[in-house]
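Input: a single structure, listed below in structure tokens.
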Protein chains: 4
Amino acid sequence: MRKQPKQTRSIKTRKALTAALESLLKEKDFDQISVAEIASTACVSTGLLYSHFKNKADFLEALLETYKERIVKRLEEAESEDVSVEYRNAGSLREALRIISNYTYQQLQGDAHIIRALSQHLRARPESEQAEWQDLRTRAALTLTAVLDVYSDDLARTDRQLTEKIFVYFFNSIFYEVIQNRKLGNISVYDLPSEVFTVEIADIIYGYLTTSPM
Amino acid sequence: MRKQPKQTRSIKTRKALTAALESLLKEKDFDQISVAEIASTACVSTGLLYSHFKNKADFLEALLETYKERIVKRLEEAESEDVSVEYRNAGSLREALRIISNYTYQQLQGDAHIIRALSQHLRARPESEQAEWQDLRTRAALTLTAVLDVYSDDLARTDRQLTEKIFVYFFNSIFYEVIQNRKLGNISVYDLPSEVFTVEIADIIYGYLTTSPM
Amino acid sequence: MRKQPKQTRSIKTRKALTAALESLLKEKDFDQISVAEIASTACVSTGLLYSHFKNKADFLEALLETYKERIVKRLEEAESEDVSVEYRNAGSLREALRIISNYTYQQLQGDAHIIRALSQHLRARPESEQAEWQDLRTRAALTLTAVLDVYSDDLARTDRQLTEKIFVYFFNSIFYEVIQNRKLGNISVYDLPSEVFTVEIADIIYGYLTTSPM
Amino acid sequence: MRKQPKQTRSIKTRKALTAALESLLKEKDFDQISVAEIASTACVSTGLLYSHFKNKADFLEALLETYKERIVKRLEEAESEDVSVEYRNAGSLREALRIISNYTYQQLQGDAHIIRALSQHLRARPESEQAEWQDLRTRAALTLTAVLDVYSDDLARTDRQLTEKIFVYFFNSIFYEVIQNRKLGNISVYDLPSEVFTVEIADIIYGYLTTSPM
DNA sequence: TATGAATGAGGTTTCATTCAT
DNA sequence: CATGAATGAAACCTCATTCAT
């Protein structure tokens with residue numbers, strides 16, 4: 001039902017619509033954005049949206065799908081190269097973690113509005129629809145934990161499996177609030193330059209990994 | 001405009017309505033809950049809701065106000081007593097952090113649905129309305145950072161101000177995903193018993209505090 | 001989903017809505033009647049229609065259901081009494097047929113607008129939904145053919161089964177055009193008083209029944 | 001405004017469009033057929049449809065016009081020849097009626113979808129527009145009643161004018177339901193072969209004509 | 001006070017028609 | 001001529017809010 005436009009004009013419109021939606025998502029939730037608003041932001045008529053997407057929900061899903069494809073591409077790149085090499089090139093666990101921290105933050109920051117929409121979308125769906133996203137999370141986790149293999153000698157933690165879980169959870173959560181509530185949250189941290197911020201975040205998890213669990 | 005009911009029956013109704021709203025917030029977002037739904041869950045008529053609250057938004061605000069009062073009370077208790085004593089009683093920084101971690105997690109867990117609603121509510125408001133919540137956050141931060149004073153000798157970090165910011169940010173963020181997406185998120189961590197989970201979370205920040213920043 | 005109102009005001013509204021729909025159906029097809037039109041004819045708001053009926057289609061179905069119940073009641077009456085007696089009381093086959101003709105015409109005439117809507121409604125449905133109406137047609141057919149038993153001596157037709165089929169078909173079809181196109185059709189017949197018309201119609205089928213099939 | 005295309009390609013398009021519409025009319029009502037649907041069935045663009053027809057209604061009217069021309073041609077043929085001869089050749093009133101019955105049924109059957117559309121179209125129009133169709137009906141009626149002149153000796157009816165009206169009405173109505181609701185209606189008659197069916201139909205009116213009105 | 005019927009603004013969606021390419 | 005993208009009016013439907021009872 002979602003049409004794959006071949007013509008230039010159509011593609012342009014589609015891009016305008018998508019750009020309009022993304023732009024509006026930076027300001028408010030999807031449910032609070034009306035179709036008329038999207039259309040007028042994109043400078044097209046409301047009807048046109050429906051010749052590109054089955055309905056409003058389908059439009060969002062198309063956007064999320066695009067995002068997913070972007071993620072998949074990133075993952076495939078990461079999986080094709082040997083991330084271990086990169087991590088090793090960093091020179092130290094601490095430095096590797098800082099790279100991860102900064103990279104993750106930049107990515108999430110850029111996609112914050114989409115991620116917010118995605119969370120809300122999935123929250124309202126049955127678990128079945130969440131499965132494919134879980135798959136990506138798992139793959140991302142593998143890429144992430146590779147750093148633990150490279151620097152396993154530095155790890156002071158005894159339970160490797162637990163360490164991995166916590167490690168992955170940490171990077172999934174720690175930037176969550178910044179993404180959700182750029183203007184909210186604990187303002188104290190927002191006046192930090194992002195380079196300082198991400199270095200500290202890296203150091204948090206570094207301390208964990210290298211401190212023995214007593 | 002919001003009426004302060006003195007009569008017993010009226011209070012009962014108000015409680016029923018509030019309970020209904022809270023119960024529904026555990027399942028879905030505020031915007032997806034209709035007034036009719038709340039009323040029927042509370043076994044009262046829709047009209048009655050409007051004699052207790054000016055409108056739907058006002059109802060939520062009243063609920064958030066109640067939540068705020070609960071928070072304020074907690075803070076006042078914490079501020080009246082000397083938290084330092086409690087932290088010292090813990091015996092060690094590590095143990096103190098575990099107590100904080102567990103306490104914070106339990107509180108957030110219990111209020112997850114309200115916090116979710118609060119986030120969404122504030123996201124749609126001008127910053128002015130967020131100010132009063134910021135105030136509470138600041139006060140909570142002070143209570144939190146008291147532990148750093150008690151165990152300042154254990155700290156390996158050099159920049160005290162930065163350490164505090166990160167420390168506060170950490171506890172504000174690290175449980176965020178669990179709260180937002182109980183059934184989503186990084187599933188890997190959800191099979192952990194909460195006692196194990198909160199201990200690890202405490203250890204993360206413990207490692208940070210006690211590791212020198214290179 | 002369709003609510004059974006107990007309250008007087010609600011019932012009044014429902015009646016007003018139904019009356020409005022019936023009235024409009026006399027002028028045009030259901031698809032050409034807008035919800036706004038129905039509501040304004042009934043002097044209520046559009047929204048109110050939706051607290052009585054799930055949607056526009058459901059409203060029509062409710063009307064058809066009411067009609068069906070009326071038909072069922074008529075059939076049950078006919079089935080409980082002994083129609084044979086009535087037919088015999090008519091005194092002759094010819095007279096009995098005239099009674100049937102007139103009765104059938106009057107009924108169809110009064111319900112013409114509903115029958116028109118019903119036809120269109122069923123035409124757009126899968127056969128499954130038509131089944132229950134078929135049942136009623138069958139029962140009506142039995143009531144009808146009873147007259148053939150009473151006056152079987154007068155019948156000149158040899159194939160009884162065929163005769164019954166044709167007999168039933170005749171009464172189902174012969175008034176169809178008058179119902180569908182009151183203002184159209186073969187105008188020549190419309191200037192006849194209905195008493196004359198129905199008598200002739202009865203005579204048509206009388207001639208068939210009493211003429212030997214060659 | 002409706003263009004009379006001279007060019008071959010144009011005529012081909014017009015035919016494709018008309019064929020598409022006719023084909024769709026066999027499945028559903030005109031109102032339920034969208035312009036896009038017609039165009040895509042005809043494998044042309046929607047815009048092209050509008051260079052052939054002023055608008056959607058005009059397209060239907062053109063189709064009905066074609067149908068009317070077909071009818072007119074048939075009538076002219078009938079009127080140019082002496083139908084009386086044909087009827088006489090049948091050998092008997094009964095046989096002549098069977099021929100009429102079968103012929104009428106076949107014609108209506110083949111044009112059922114158009115007749116259905118025509119009925120609905122006229123129903124929504126002011127009587128003025130129906131006038132020209134009435135004219136054709138009148139002419140058709142004359143052709144039909146010619147058989148009564150040929151076999152006037154066989155008629156038992158006394159009121160000739162009334163007999164003619166009823167006779168014409170009969171043939172206009174009796175096939176109506178089969179046309180409207182091929183899959184609905186009184187199923188009992190649909191399992192009959194059409195030859196048997198049309199013979200019985202002829203016999204119905206034969207009985208009427210040859211039975212004295214008491 | 002309590003009810004739930006009634007309102008109507010606002011959102012989504014469809015589709016006949018136009019028009020740039 | 002031909003295309004199908006673009007338009008926008010009009011239909012359906014929802015739901016916060018009001019009001020008669």
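Convention: sequence-line order gives letters A, B, ...; per-chain numbering from 1.
- Remark: D/Ser45 is not in phosphate contact with F/dG4, judged by side-chain N or O atoms under 4.0 Å from OP1 or OP2.
- Here the closest heavy-atom approach between residue D/Phe59 and residue D/Leu17 is recorded as CZ-O, 3.5 Å.
- Here C/His52 reaches the OP1 or OP2 of E/dA6: one of its side-chain N or O atoms lies under 4.0 Å away.
- For the pair A/Lys56 and A/Phe30, the cation-pi criterion (under 6.0 Å, within 45° of the ring axis) is fulfilled.
- Phosphate contact (OP1/OP2 of F/dT14, side-chain N/O of B/Ser34, threshold under 4.0 Å): absent.
- Here the closest non-hydrogen pair linking A/Tyr50 and A/Val35 is OH-CG2, 3.6 Å.
- Using a 3.5 Å distance cut-off with no hydrogens or angles, the side chains of B/His121 and B/Glu61 do pair a donor with an acceptor.
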Which protein N or O atoms sit under 3.5 Å from an N or O of nucleotides 17-21 of chain E?
from: E/dT17; atom 1: OP2; to: D/Tyr50; atom 2: OH; distance (Å): 2.8
from: E/dT17; atom 1: OP2; to: D/Lys56; atom 2: N; distance (Å): 2.8
from: E/dT17; atom 1: O5'; to: D/Tyr50; atom 2: OH; distance (Å): 3.4

### Task
Check step by step if side chain to side chain contact (heavy atoms under 4.5 Å, CB included) holds for B/Lys12 and B/Lys15.
CA-CA 5 Å; B/Lys12 210 164 127 192; B/Lys15 272 188 182 154; 5.8 Å; no
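- Residues A/Leu25 and A/Arg116 share a closest heavy-atom pair of O-NH2, 3.1 Å.
- Note: CG (C/Asp31) to C1' (F/dA10) measures 15 Å, nearest angstrom.
- A sub-4.0 Å separation between OP1 or OP2 of E/dA6 and a side-chain N or O of C/Thr13 is present.
- When rounded to the nearest whole Å, the span between CD1 of C/Ile11 and C1' of E/dG4 equals 14 Å.
- Shown here for C/Tyr67 and C/Leu118, the closest heavy-atom pair between the two residues is CE2-CD2, 4.2 Å.
- Residue-to-nucleotide proximity on DNA chain E shows that, of D/Ile33 and B/Cys43, the 5′-proximal contact is made by B/Cys43.
- For the pair A/Lys12 NZ and F/dA6 C1', the computed distance is 13 Å after rounding to whole Å.
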### Task
Represent DNA chain F in dot-bracket notation, 5' to 3'. Only Watson-Crick or G-U wobble pairs with both distances under 3.5 Å count; pseudoknot-style crossings use [ ] and interstrand partners use |.
.||||||||||||||||||||
Side-chain donor-acceptor contacts of residues 36-45 of chain B below 3.5 Å, not counting sequence neighbours, with atom names and distances?
from: B/Glu37; atom 1: OE1; to: B/Ser34; atom 2: N; distance (Å): 3.2
from: B/Glu37; atom 1: OE2; to: B/Lys28; atom 2: NZ; distance (Å): 2.5
from: B/Thr41; atom 1: OG1; to: B/Glu37; atom 2: O; distance (Å): 2.7
from: B/Ser45; atom 1: OG; to: B/Leu48; atom 2: N; distance (Å): 3.4

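- Atom C1' of nucleotide F/dC15 and atom CZ of B/Phe59 are separated by 16 Å, given to the nearest angstrom.
- In this entry the distance linking CG of B/Leu17 with C1' of E/dT1 reads 14 Å, nearest Å.
- The distance between atom CD of A/Gln32 and atom P of F/dT14, rounded to the nearest whole Å, is 20 Å.
- Distance CG (B/Leu49) to P (E/dT1): 14 Å, rounded to an integer number of Å.
- No donor-acceptor contact under 3.5 angstrom links the side chains of D/Gln120 and D/Asp31, judged on distance only.
- Between C/Phe53 atom CZ and F/dT14 atom C1' there is a gap of 17 Å when expressed in whole angstrom units.
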